[in-house]
K.L.:
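Can you keep this structure in mind? I'll have questions shortly.
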Amino acid sequence: GRSWTQVEALNKELSEQKVLVRARIHTTRGKGKSAFLVLRQRTATVQAILFADDTTVSKGMVKYATQVPKESIVDVEGVVKVPEKAIEGCSQKDVELQVTLIRVVSRAAVLPFELVDASRSEEEVKAAAERGEVLPTVGQDLRLDNRFLDLRTPANQAIFRVQSAVCQIFREALLSEGFQEIHTPKLIAGASEGGAAVFRLDYMGMPACLAQSPQLYKQMAICADLERVFEIGPVFRAEFSYTHRHLCEFMGLDLEMAIQEHYFEVLDVIEKLFGAIFDGLATKYAKELSVISSQYPFDIPVFKPLRLTYPDGIALLQAGGYPEVDPLGDLNTELERALGRIVKEKYGTDFFILHRYPSAVRPFYTMPCSDDPTYSNSYDVFIRGEEIISGAQRVHDADLLVERATACGIPLPDIQSYIDSFKLGAPPHGGAGVGLERVVMLYCGLNNIRKTSMFPRDPKRLTP
Ligand code: 4AD
């Protein structure tokens with residue numbers, strides 16, 4: 001075969017060499033006997049010039065090149081040239097291609113929107129408006145309806161590299177702490193997080209649900225002596241929450257572990273894990289983060305582990321302008337964000353853990369505190385004042401579990417095998433569930449979870 005060169009590899013060292021690239025037409029411009037194209041491969045761009053010299057390149061070929069629709073995929077043969085001055089606007093500024101042959105591999109139809117418009121920052125739009133200029137922007141629904149095009153913007157390319165990195169670091173950090181990866185069923189008989197927000201379906205004539213979390217199965221893995229487990233898998237929630245942070249399907253990063261004495265052992269693992277994620281992103285993905293930031297400006301979040309008890313969190317809120325907050329109720333989005341601001345001001349961190357939640361606001365499987373069952377051995381973790389993790393020590397006593405499930409109105413037959421798994425001896429254990437899309441959204445200070453889901457599922461969207 002012929003040898004292909006990647007656009008991002010085009011540099012001065014290849015000067016005067018003949019190369020072959022496959023790329024998209026990013027832009028085209030004709031001028032007299034010349035055509036100026038910008039070729040794009042992923043996020044790398046290079047200028048390509050055709051000049052009608054009546055030997056290798058005809059006038060017809062120049063015309064043909066200017067008429068290839070934007071976003072079409074082309075094969076281009078050319079010679080690498082070093083221009084007199086750098087080509088502004090291209091990632092490969094120091095070189096250009098003198099095209100000898102261009103062939104369309106896949107022709108693009110009319111675009112629903114222009115990528116330059118979809119790549120524009122709000123700042124740019126605002127600055128233009130101040131000059132009296134109106135720059136087009138692309139609305140979220142139009143973007144999502146055409147996600148396969150929208151994903152080609154530099155910021156989106158970077159967002160999903162960061163998403164991939166979070167999973168990789170999660171996996172590596174936990175493997176190095178003695179965890180093993182598991183895969184639990186997503187087709188299950190009953191609800192795992194309470195009955196309300198569950199997708200019900202027919203399973204060979206039997207009623208079934210899509211798993212709302214790996215909760216019950218990851219605990220059964222602990223009962224089966226796997227000791228430390230994690231899973232990266234889809235989670236389904238039939239919630240009619242049309243908000244900036246809820247999806248009907250998201251990626252759950254779950255972990256579960258046997259503990260010796262205290263749920264703080266789980267918090268130690270979580271803090272180490274997120275230390276690795278924050279550090280890994282800031283050091284190895286600085287380029288991606290700056291690309292995201294150039295469209296959606298944000299500051300890298302500060303990671304200084306901090307643990308606050310729920311009552312301490314409530315006291316901070318009460319002292320910080322929210323005197324009415326209910327010490328035994330749950331925190332709504334507004335209160336969580338307020339606490340995030342207060343914590344940032346007082347402790348200088350964007351990452352903190354709130355633990356010892358009131359039992360009444362936690363799921364049936366949560367272990368009550370031994371000194372005061374009004375509270376529980378549970379925790380949420382926040383980035384920029386929004387929840388990314390929820391977890392707890394679990395009830396490992398079958399009788400107490402039956403009592404708690406009954407009190408919470410969970411039909412016992414649905415969870416019989418789960419309860420049975422504790423009857424044969426179960427170690428004290430705890431764990432946590434992380435929402436991947438939320439981690440990326442909040443790390444990058446993005447305003448909507450749909451930006452960090454490749455093909456988001458929400459109450460109004462099932463396609464593409
Ligand atoms: O708080 P949740 O529902 O907790 C559980 O699923 C427990 N089984 C976890 C455990 O181990 N005890 O979900 C865990 C995390 C949340 O903190 C949030 O980050 C994310 O999953 N999450 C969602 N993300 C997107 N859309 C939704 N509808 C989400 N619901 C929860």
Side-chain angles (χ1 to χ4, degrees), residues 163 166 170 174 179 182 184 186 188 191-199 209-222 228-257 259 263 266-267 269-270 273-274 277 330-331 333 336 351-355 357 359 361-367 376-395 410 415 418 429-443 446 448-454 456-459 461:
Q163 191 196 70
V166 171
F170 179 85
L174 289 178
F179 283 74
I182 59 167
T184 62
K186 305 303 156 205
I188 60 179
S192 33
E193 299 288 336
V198 62
F199 286 104
C209 299
L210 285 179
Q212 293 162 299
S213 75
Q215 186 62 38
L216 309 185
Y217 288 88
K218 66 179 180 175
Q219 286 189 255
M220 284 192 265
I222 300 299
R228 292 186 151 206
V229 298
F230 72 89
E231 176 164 4
I232 300 179
V235 170
F236 304 93
R237 305 277 170 101
E239 281 166 312
F240 279 96
S241 304
Y242 198 75
T243 75
H244 77 285
R245 63 187 193 134
H246 287 95
L247 293 168
C248 293
E249 176 176 350
F250 63 93
M251 282 307 280
L253 308 185
D254 269 80
L255 63 98
E256 198 69 24
M257 57 188 268
I259 58 177
Y263 66 93
V266 185
L267 300 187
V269 168
I270 290 173
L273 173 62
F274 274 81
I277 290 173
D330 210 351
L331 298 179
T333 313
E336 288 179 348
F351 176 98
F352 69 95
I353 297 177
L354 199 58
H355 64 99
Y357 271 71
S359 295
V361 302
R362 305 301 282 196
F364 76 95
Y365 50 73
T366 308
M367 181 70 97
S376 61
N377 291 351
S378 63
Y379 32 86
D380 278 4
V381 181
F382 298 83
I383 297 180
R384 302 187 204 270
E386 289 197 59
E387 178 199 323
I388 55 153
I389 297 182
S390 157
Q393 181 182 348
R394 327 299 186 181
V395 173
I410 311 255
I415 53 166
Y418 169 71
H429 63 286
V434 184
L436 174 62
E437 293 82 354
R438 287 216 190 153
V439 172
V440 179
M441 169 177 80
L442 292 162
Y443 185 94
L446 297 168
N448 196 302
I449 198 164
R450 290 160 188 79
K451 287 195 170 80
T452 59
S453 171
M454 190 168 275
R457 294 287 175 260
D458 69 31
R461 181 174 292 282

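Being a predicted model, the structure only gives us computed values, none of them experimental. One-based numbering, in listed order, for ligands and for the atoms of each.
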K.L.:
Strictly under 4.0 Å, does any heavy atom of K218 approach an atom of ligand 1?
P.N.:
yes

K.L.:
For the backbone of T333 and the side chain of E386, can you confirm whether one donor and one acceptor N or O come within less than 3.5 Å of each other?
P.N.:
no

K.L.:
Out of all atoms in ligand 1, which are within 4.0 Å of some heavy atom of I389? Include the element for each.
P.N.:
17 (O)

K.L.:
Over 60° means perpendicular and under 30° means parallel, so tell me whether Y418 and F364 are parallel, tilted or perpendicular.
P.N.:
perpendicular

K.L.:
What is the ring orientation for F230 with F170, classed by angle as parallel under 30°, tilted 30 to 60°, or perpendicular over 60°?
P.N.:
perpendicular

K.L.:
Provide, to 0.1 Å, the distance between atom 12 (N) of ligand 1 and the closest protein heavy atom, together with that atom's residue and name.
P.N.:
R394 NH1, 2.7 Å

K.L.:
Against heavy atoms of I449, which atoms of ligand 1 measure under 4.0 Å?
P.N.:
25 (C)

K.L.:
Do K451 and S453 pair up side chain to side chain, a donor and an acceptor below 3.5 Å, judged on atom types alone?
P.N.:
no

K.L.:
May I ask you to list the atoms of ligand 1 that are less than 4.0 angstrom from any heavy atom of S213?
P.N.:
6 (O), 8 (N)

K.L.:
Using a plain distance cutoff, I'd like to know if Q215 has any nitrogen or oxygen under 3.5 Å from a nitrogen or oxygen of ligand 1.
P.N.:
yes

K.L.:
Please write down residue, atom name and distance for the protein heavy atom closest to atom 16 (C) of ligand 1.
P.N.:
E387 OE2, 3.1 Å

K.L.:
Can you list the ligand 1 atoms lying under 4.0 Å from a non-hydrogen atom of Y365?
P.N.:
7 (C), 8 (N), 12 (N)

K.L.:
Identify, by atom number and element, the atoms of ligand 1 in contact range of R245, meaning under 4.0 Å from any of its heavy atoms.
P.N.:
25 (C), 26 (N)

K.L.:
Tell me the protein heavy atom at minimum distance from atom 21 (O) of ligand 1, and give that distance in Å.
P.N.:
F250 CE1, 3.3 Å

K.L.:
Checking Y217 now: which residues fulfil side chain to side chain donor-acceptor pair (under 3.5 Å) with it, not counting sequence neighbours?
P.N.:
none

K.L.:
Please write down residue, atom name and distance for the protein heavy atom closest to atom 1 (O) of ligand 1.
P.N.:
S390 CB, 3.2 Å

K.L.:
Identify the protein heavy atom lying closest to atom 18 (C) of ligand 1, giving its residue, its atom name and the separation to 0.1 Å.
P.N.:
R438 NH1, 3.5 Å

K.L.:
Considering non-hydrogen atoms of the protein only, which is the closest contact for atom 2 (P) of ligand 1, and what is the distance?
P.N.:
R237 NH2, 3.8 Å

K.L.:
Measure across K218 and A432 and return the closest heavy-atom pair with its distance rounded to 0.1 Å.
P.N.:
NZ-O, 3.1 Å

K.L.:
Which residue and non-hydrogen atom of the protein lie closest to atom 26 (N) of ligand 1, and at what distance in Å?
P.N.:
L247 N, 2.9 Å

K.L.:
Within the 4.0 Å heavy-atom shell around A432, which atoms of ligand 1 are there?
P.N.:
10 (C), 11 (O)

K.L.:
Output yes when the distance from some N or O of ligand 1 to some N or O of Q212 is under 3.5 Å, and no in every other case.
P.N.:
no

K.L.:
Please name all residues satisfying side-chain contact (heavy atoms from CB on, under 4.5 Å) with E249, sequence neighbours left out, ordered by chain then number.
P.N.:
P234, F236, R457

K.L.:
Which atoms of ligand 1 sit under 4.0 Å from any heavy atom of E239?
P.N.:
28 (N)

K.L.:
At the 4.0 Å heavy-atom cut-off, does E437 count as touching ligand 1?
P.N.:
no

K.L.:
To the nearest 0.5 Å, how far apart are CE in M454 and CD in Q163?
P.N.:
6.5 Å

K.L.:
Go through ligand 1 atom by atom and flag the ones less than 4.0 Å from a non-hydrogen atom of G435.
P.N.:
15 (C), 19 (O), 20 (C), 21 (O)

K.L.:
Who's the nearest protein heavy-atom neighbour of atom 15 (C) of ligand 1, and how far?
P.N.:
G433 O, 3.4 Å

K.L.:
Indicate yes or no: does an N/O atom of I388 lie under 3.5 Å from an N/O atom of ligand 1?
P.N.:
yes

